[in-house]
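One structure is given below, encoded as structure tokens.
Counting begins at 1 with the first residue of the sequence.
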Amino acid sequence: MAEFWRWVAEHGWVGWLGASAVLACAEMLTLDFTLLMLASGALAGGVTAVFLPGAWLIQVLVAVAVGGVMLAVLRPTLLKRVRDAPGYRSLLDQLVGSEGTATRQVTSETGEVKVRGETWEARTMSPGVTIDAGESIEVYQVDATTLIVYPASQGLGWSGGART
């Protein structure tokens, strides 16, 4: 048993490398860059383990420090570059052009609709227009957490979220 623990102490880099690989693969499910930054910290811990095989505390401190710096410095920069890239549309922007149903009467002041299975506050895009509960709607614009909608029967020429 003592031989096993000696092997683990001498080859701790394998554990760090495995943790880094798992975190990097899990990042593909989230696409948030958080797990990728933690994976880089684990990789730094692994590199430290190669040079200082028995120094677990130093390995952990290096991993935490690198991961923390990456989260604080690199992640915001990467997120900004992705969001500023041509063609990027946030989840809210993707609602534009979607169809749904009014769950309560919608006026230019207040209302409620269901779009893509979610309930949203809504208002009509034109004053004086009223959409009754049960009518089909289309999303014209997103204003914070309120959807600006119009009756689907008006058909403003939307196709897949882009004007035609």
Using side-chain heavy atoms (C-beta onward) and a distance below 4.5 Å, is [X] in contact with [Y]?
{"X": "Glu99", "Y": "Ser136", "answer": "no"}
{"X": "Phe33", "Y": "Leu79", "answer": "yes"}
{"X": "Val106", "Y": "Val113", "answer": "yes"}
{"X": "Val96", "Y": "Val142", "answer": "yes"}
{"X": "Val129", "Y": "Pro151", "answer": "yes"}
{"X": "Gln105", "Y": "Ile131", "answer": "no"}

Drop me the distance from [X]'s [atom1] to [Y]'s [atom2], to the nearest 0.5 angstrom.
{"X": "Leu36", "Y": "Leu31", "atom1": "CG", "atom2": "CG", "value": "10.5 Å"}
{"X": "Lys114", "Y": "Arg104", "atom1": "NZ", "atom2": "CZ", "value": "13.5 Å"}
{"X": "Thr110", "Y": "Arg123", "atom1": "OG1", "atom2": "CZ", "value": "10.0 Å"}
{"X": "Tyr140", "Y": "Ser126", "atom1": "OH", "atom2": "OG", "value": "9.0 Å"}
{"X": "Leu147", "Y": "Glu138", "atom1": "CG", "atom2": "CD", "value": "12.5 Å"}

Provide the closest heavy-atom pair for Thr146 versus Ala122 in the form atom of the first, atom of the second, distance.
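In terms of heavy atoms, the two residues are closest at CG2-CA, 3.8 Å.
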
For Ser98 and Arg116, work out which heavy atoms get closest and say how close.
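That closest heavy-atom pairing would be OG-NH2, 3.1 Å.
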
Output yes when a side-chain donor or acceptor of [X] lies under 3.5 Å from a complementary backbone atom of [Y], and no otherwise.
{"X": "Glu27", "Y": "Leu35", "value": "yes"}
{"X": "Glu118", "Y": "Val115", "value": "no"}
{"X": "Thr103", "Y": "Glu112", "value": "yes"}

Passes side chain to side chain contact (heavy atoms under 4.5 Å, CB included), Trp120 versus Val139? Steps please.
CA-CA 11 Å; Trp120 295 84; Val139 179; over 6 Å; no

Counterpart residues, salt bridge (Lys or Arg N to Asp or Glu O under 4.0 Å), relative to Arg6 (two or more places apart)
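Expected list: none.
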
For the hydrophobic clusters of this structure (ILVMFWY residues joined by side-chain heavy atoms under 4.5 Å, transitively), does one cluster hold both [X] and [Y]?
{"X": "Val62", "Y": "Leu74", "value": "yes"}
{"X": "Leu61", "Y": "Leu38", "value": "no"}
{"X": "Leu57", "Y": "Val66", "value": "no"}

Please table the atom pairs, donor to acceptor, closer than 3.5 Å between any side-chain atom in residues 13-25 and protein atoms at least two apart or in another chain.
{"from": "Trp16", "atom 1": "NE1", "to": "Gln59", "atom 2": "OE1", "distance (Å)": "2.9"}
{"from": "Ser20", "atom 1": "OG", "to": "Ala39", "atom 2": "O", "distance (Å)": "2.9"}

Counterpart residues, side chain to side chain contact (heavy atoms under 4.5 Å, CB included), relative to Gln141 (two or more places apart)
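Ile148.
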
Test Thr124 against Ile137 for side chain to side chain contact (heavy atoms under 4.5 Å, CB included), laying out the working first.
CA-CA 10 Å; Thr124 59; Ile137 57 94; over 6 Å; no

Co-members of the apolar cluster containing Val69 [side chain, <4.5 Å]:
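Same cluster as Val69: Val73.
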
Please tabulate, one pair per line, all N/O donor-acceptor pairs under 3.5 Å involving side-chain atoms of residues 40-49, not counting sequence neighbours.
{"from": "Ser40", "atom 1": "OG", "to": "Met37", "atom 2": "O", "distance (Å)": "2.5"}
{"from": "Thr48", "atom 1": "OG1", "to": "Ala44", "atom 2": "O", "distance (Å)": "2.9"}

By the side chain to side chain donor-acceptor pair (under 3.5 Å) test, which pairs, at least two apart or in different chains, include something from residues 68-78?
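Applying side chain to side chain donor-acceptor pair (under 3.5 Å) to every pair that reaches into residues 68-78, excluding sequence neighbours, yields Asp32-Arg75, Thr34-Arg75.
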
Residues Thr145, Glu121; criterion side chain to side chain contact (heavy atoms under 4.5 Å, CB included); working and verdict
CA-CA 7 Å; Thr145 58; Glu121 288 185 33; 5.6 Å; no

